[in-house]
> 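So that we are looking at the same thing, I have put the structure below in structure tokens.
In what follows, every chain begins at residue 1, and chains take the letters A, B, ... in the order their sequences are listed.
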Amino acid sequence: AQKVTQAQTEISVVEKEDVTLDCVYETRDTTYYLFWYKQPPSGELVFLIRRNSFDEQNEISGRYSWNFQKSTSSFNFTITASQVVDSAVYFCALSEALGGSTLGRLYFGRGTQLTVWP
Amino acid sequence: GAGVSQTPSNKVTEKGKYVELRCDPISGHTALYWYRQSLGQGPEFLIYFQGTGAADDSGLPNDRFFAVRPEGSVSTLKIQRTERGDSAVYLCASSATLAGGNNEQFFGPGTRLTVL
């Protein structure tokens, strides 16, 4: 079973629109970490954010915001006033802190291709 | 350099050949990870090292794949008897600490492997 599900394969928006990328995760661990990475056309994964399972506070960083809800096992990512430079594939990932040999490895979703049109 | 580097950036080989992919992590990072990313997919974990030892190699698909990190820094991913299905981008990442999974992994640009 997929540990991280990103149901949206592709999203297209026009510049200045807000867009939310969905992420649903699955784990039996009580301590875990959630991540978002951006992969622009150049291919290199860029770290955006890390949250631990004990901190459900939403976070805002400029035009980016994240909504973490343990009750629905979701960690959604919103870009406000999108720009063309936001066009990329965005990955949600999970790291389980317990579990012996799985410590540290990231489980990635399949990614959401975001295209922002001018 | 300041980031994770990988060489070569592209590798084209023929089915059945042996290839080596190199990863140079960020200086001082003790943990090193290999992932494989097929077209249209998210990265899939292969193996990680804590220092010189492979702490988890459960993601290696079969015994044709092997990785080493003899001095706890540079790592080499080795693929024997390559198959067309091995074609993918191989990503390397490193992190400063492995404690509790609270690790920000910094990724390299990847090596695009094409097996003809």
> Could you tell me the separation between the CZ atom of Phe35(A) and the CD atom of Gln105(B), rounded to the nearest 0.5 Å?
6.5 Å
> Which heavy-atom pair separates Gly108(B) from Glu44(A) by the least distance, and what is that distance?
O-CG, 3.8 Å
> Looking at every non-hydrogen atom in both residues, tell me the closest pair between Phe91(A) and Gly42(B) and how far apart they are.
CE2-CA, 3.3 Å
> Using a cut-off of under 4.5 Å on heavy-atom pairs, state which of Thr9(A), Val89(A), Val4(A), Leu45(A) scores highest against chain B.
Leu45(A)
> Report the distance from atom OH of Tyr33(B) to atom CG of Leu106(A), rounding to the nearest 0.5 Å.
7.0 Å
> Surrounding OH of Tyr64(A) (heavy atoms of other residues, nucleotides or ligands, distance under 6.0 Å), is the total greater than 12?
yes
> What part of Ile47(B) gets within 4.5 angstrom of chain A, counting heavy atoms only: side chain, backbone, both, or neither?
neither
> Tell me, do Ser58(B) and Arg105(A) make a side-chain contact under 4.5 Å, heavy atoms counted?
yes
> Does atom NZ of Lys15(B) have more than 12 heavy-atom neighbours, drawn from other residues, nucleotides or ligands, at distances under 6.0 Å?
no
> Can you tell me which portion of Gln39(A) sits under 4.5 Å from chain B's heavy atoms? Options are side chain, backbone, both or neither.
side chain
> To the nearest 0.5 angstrom, please state how far the CD atom of Glu104(B) sits from the OH atom of Tyr37(A).
6.0 Å
> When you look at CZ of Arg110(A), are more than 12 heavy atoms from neighbouring residues, nucleotides or ligands closer to it than 6.0 Å?
no
> Is it true that, when you exclude Glu44(B) itself, more than 12 heavy atoms of the residues, nucleotides or ligands shown sit nearer than 6.0 Å to its CD?
no
